[in-house]
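What follows is a set of notes on a single structure, which appears directly below.
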Amino acid sequence: MGIFQALSYASLALFASSASALDWSADPVNPPSVPLAVRTPYLSAWLPQGAGASLAGTWPEFWAGATLGWGGYVRVDGTTYTFLGNPVVPNLSPALATQKSLTYTSTQSTFVLTAGPVDITVNFLSPVEPTDLVKQSTPFSYLAISAAANDGGSHSVTLYSDISAEWASGDNTLPVNWTSTTSGDVWFHQVQLQSPSVYAESNDQSQYGSAYYSTQSSTSATWQTGADVDVRAQFINNGNLANSGDTNFRAINDNWPVFAFAHDLGTVSSASDPVIYAIGHVRDPAIQYVTAGNNLQDRSSYFWTKYTSVTDAINDFVGSYSTALSDANTFDAKVKSDATAISNNYYAIVALSIRQAFGATELTVSRNSDGTWNTDDVLMFMKEISSDGNVNTVDVMMPAWPVLLYTNPTLGKYLLLGLFQYQQTGLYPNTWAVHDLGASYPKAIGHNDGNDEKMPLEECGNMLIMALSYTQKSNDQSLISTYTKLLEQWTGYLVDEALIPADQISTDDFAGSLANQTNLAIKGTVGIAAMAAIEGLLGNTDAQQNYSSIVSSYSPQIIQFASASNHLELNYGASDSWGLTYNMYADKLLGTNAFPQSLFDSQTAWYKGVINQYGAPLDTRHTYTKSDWQIWTAAFVTDNTVRDAMIDAVYAYIGDGQNNVPFSDWYDSVAGTTSGFRARPVVGGHLALLAL
Ligand SMILES: *[C@@H]1O[C@H](CO)[C@@H](O)[C@H](O)[C@H]1NC(C)=O
Ligand SMILES: *[C@@H]1O[C@H](CO)[C@@H](O)[C@H](O)[C@H]1NC(C)=O
Ligand SMILES: *[C@@H]1O[C@H](CO)[C@@H](O)[C@H](O)[C@H]1NC(C)=O
């Protein structure tokens, strides 16, 4: 049995044992944390499953780990069961519904739970709408619940659900106020800090804006706000709510105010129509952005271009549920078909990654001087979630990039534009490309002092690679023609610095700094090759030939400097060292052919022998690895058994039950435990094979 067979048997065995330890079936796998409502950096609710925590009895969490009160009961023939969260009421605590299954797709997480003689299907839908800027930027997510008898009988069923004010701030000691709107087609509760602080965060949650919980109005619906134990006891005892609001505004953790709805489904036998809820978090303005002359602009979420009030947006969102569901099913089916063409395990990774990647982004628009929306000025922003909270970190956009190429390259342009425009103002003093647009999301205020995290080779290469990649996929030359001078400036830096990389960090800054990093030299050289192609597209054939000849000179020198007997070294001359040369993926993506096929073959052969249970290490300094770079590498190797071994190793990691945080891209390749990151958008890089 070769190592690859051994590996795939090992991962099969793992899957079987972790699945049998659970009481429910999982399709495609039981992930560390299940996305529930994941749309923006501030609407990001997850179920930390780990080795198998059920939806019933476990509180959802914000990506950073804080509890988000989101409770649900189902009352069947007078007996109440908990199906969502852990809403305990002294002396009245309901039994937990029994989870039977978990299924996730690219946009949906669906649980089936048994509550006595009734099964309920609980579907969390976080839309991904890459070609509809209004829908993609609407910061709401759906919860839909239907019930059906599981014994062939008929049963009376009532549903209850609430949220706490933990959705409105990262500091539970702060006072909030709230309102309930219970007229019209859609009812909603709204809660916010009494003293908001615009553009501020606390524990990564927003310190301004409002959380909303809404549902369809119905003659059989009731509502209530009040202390958690009071509102929940009202439902457990009576099966309905009091249609009354608590106006004693207070701190989030002071007798925990909750915001609840109940729906009487009447007598249920076959599957009922679903009850629809929407949960959201809305801020305005959304992003502060630096423009020419160091003016700071307030930018709004794009969805405001269609609506005059949040009420309009909520009504449209809740009212469009069936369209949203069919859009989501179409999107999910395409991803599944494309990803399973590689493998089922690859699909499991991709489907878990898409909401997480989009959930770090926001689409924004500015206003004209007369106050109207300037819809020609669309910018996308991405938070570097969990590693440092920067805005539009170039070396985080780069790994995430494949998800944008696959879903809609124009989003890539909206993401790049903010960086190009800022550097075009001349406010940034360095000759290399800036690391990010601002140290703390959502403040994209630039780095006019030039003291951003210094990754010069990394970011110059990334900007050139993304600029060409966008142009190739879109046939739109606006970026490369508008910003030619900047691109040439960064290419000049690469020409000076890429062959013999100075002692510096790469995107993998946690691994420390090192001189002569082979992978950085590769990135820089592919960046120069990208500029050659850009000059070619612009008709500048002299410049194209100049850059091409530099690539032809650097490429063999790098291979010579970095060659151990049968693999590239991590850094020139360190013969026992090696690392994932994931930047070779960019050469394949762009078709630049900066490096020869023989190098792709020899790196493939080398990796074949160094894959641990959960993947090949990032490099020889540590046993940890990165899932994004693992999959980038899998996308360029020239032997499908090596490709599949790398994919299967990442799959084994997400399904092994040891972790309980939103997909951590950084983890130990031997132990399978996360190394610290979570919920980062770089998982968009797991679509690397789909972007080719
Ligand atoms: C809640 O507090 C905000 C900010 O202090 C205030 O503008 C708003 O009117 C208050 N809402 C209610 C319902 O008291
Ligand atoms: C080729 O590019 C290098 C680096 O940007 C530049 O210094 C040189 O002047 C260019 N040569 C020609 C002929 O354009
Ligand atoms: C980097 O590599 C070059 C080429 O092998 C070598 O001349 C130089 O000494 C190396 N620099 C360091 C700091 O190791």
Side-chain angles (χ1 to χ4, degrees), residues 165 168-169 174-182 188-198 200 206-212 225-226 245-252 257 259 282-284 309-311 431-433 456-457 460-461 464 484-506 512-522 524-525 527-536 538-564 568-577:
S169 167
L174 297 179
V176 287
N177 67 21
W178 55 84
T179 52
S180 300
T181 300
T182 53
F188 62 90
H189 300 296
Q190 172 181 353
V191 55
Q192 56 272 317
L193 288 175
Q194 284 185 28
S195 301
S197 180
V198 176
S206 178
Q207 288 300 81
Y208 71 108
S210 303
Y212 293 86
T225 62
D246 178 347
T247 52
N248 174 26
F249 300 140
R250 57 191 184 271
I252 294 166
F259 311 93
V282 177
R283 297 144 31 242
D284 192 51
S309 67
V310 177
T311 307
T431 55
W432 57 84
L457 259 179
C460 287
L464 287 155
T484 317
K485 284 278 168 291
L486 270 178
L487 293 165
E488 283 176 343
Q489 175 187 319
W490 298 331
T491 309
Y493 185 86
L494 293 178
V495 169
D496 291 343
E497 300 290 335
L499 182 61
I500 309 286
D503 191 347
Q504 64 194 288
I505 51 174
S506 75
S513 101
L514 191 63
N516 281 335
Q517 294 187 60
T518 307
N519 197 38
L520 272 183
I522 292 171
T525 304
I528 300 167
M531 193 64 204
I534 288 169
E535 299 285 15
L538 295 173
N540 304 328
T541 41
D542 287 352
Q544 176 186 19
Q545 277 163 18
N546 184 26
Y547 292 135
S548 290
S549 70
I550 292 169
V551 172
S552 304
S553 148
Y554 284 9
S555 167
Q557 290 185 73
I558 290 167
I559 294 171
Q560 190 207 328
F561 290 148
S563 279
L568 291 176
E569 297 155 346
L570 171 64
N571 52 314
Y572 301 166
S575 59
D576 290 337
S577 72

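Both ligands and their constituent atoms are indexed starting at 1 by order of listing. Values below: all heavy atoms of this structure, side chains included; hydrogens, waters and symmetry mates excluded. Keep in mind the model is a prediction, meaning the values are calculated, not measured.
Taking a cut-off of under 4.0 Å to the non-hydrogen atoms of Asn177, the atoms of ligand 1 that pass are 1 (C), 2 (O), 3 (C), 8 (C), 10 (C), 11 (N), 12 (C), 14 (O). The atoms of ligand 1 that sit less than 4.0 Å from any heavy atom of Phe249 are 14 (O). Near Asn546, the atoms of ligand 2 lying under 4.0 angstrom from a non-hydrogen atom of the residue are 1 (C), 2 (O), 3 (C), 8 (C), 10 (C), 11 (N), 12 (C), 14 (O). Residue-ligand proximity, Thr179 to ligand 1, at heavy-atom distances under 4.0 Å covers atoms 13 (C).
Inclusion of Gln194 in the set of residues having an N or O under 3.5 Å from an N or O of ligand 1 is warranted.
The environment of CG in Asp503 is crowded: more than 12 heavy-atom neighbours from other residues, nucleotides or ligands sit within 6.0 Å.
Side chain to side chain, Ser575 and Glu569 fail the donor-acceptor criterion of an N or O pair below 3.5 Å. Between the side chains of Gln557 and Ser553, a donor-acceptor pair is found at a separation under 3.5 Å.
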Give one line per pair: atom of ligand 3, protein atom, distance. Only N/O to N/O under 3.5 Å.
residue	atom	partner	partner atom	Å
ligand 3	2 (O)	Asn516	OD1	3.3
ligand 3	2 (O)	Asn516	ND2	2.3
ligand 3	11 (N)	Asn516	ND2	2.8
ligand 3	14 (O)	Asn516	ND2	3.4

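Ring geometry for Phe561 versus Tyr572: interplanar angle of 30 to 60°, hence tilted. Between Phe259 and His189, the ring planes are tilted. Angles from 30° to 60° get that label.
A donor-acceptor contact shorter than 3.5 Å is absent between the side chain of Glu535 and the backbone of Asn540.
The ring pair (Phe, Tyr, Trp, His ring centres under 6.0 Å) check on Trp432 picks up Tyr493, with sequence neighbours excluded.
None of Asn177, Val282, Val176 except one satisfies the side chain to side chain contact (heavy atoms under 4.5 Å, CB included) rule with Gln192; the exception is Asn177.
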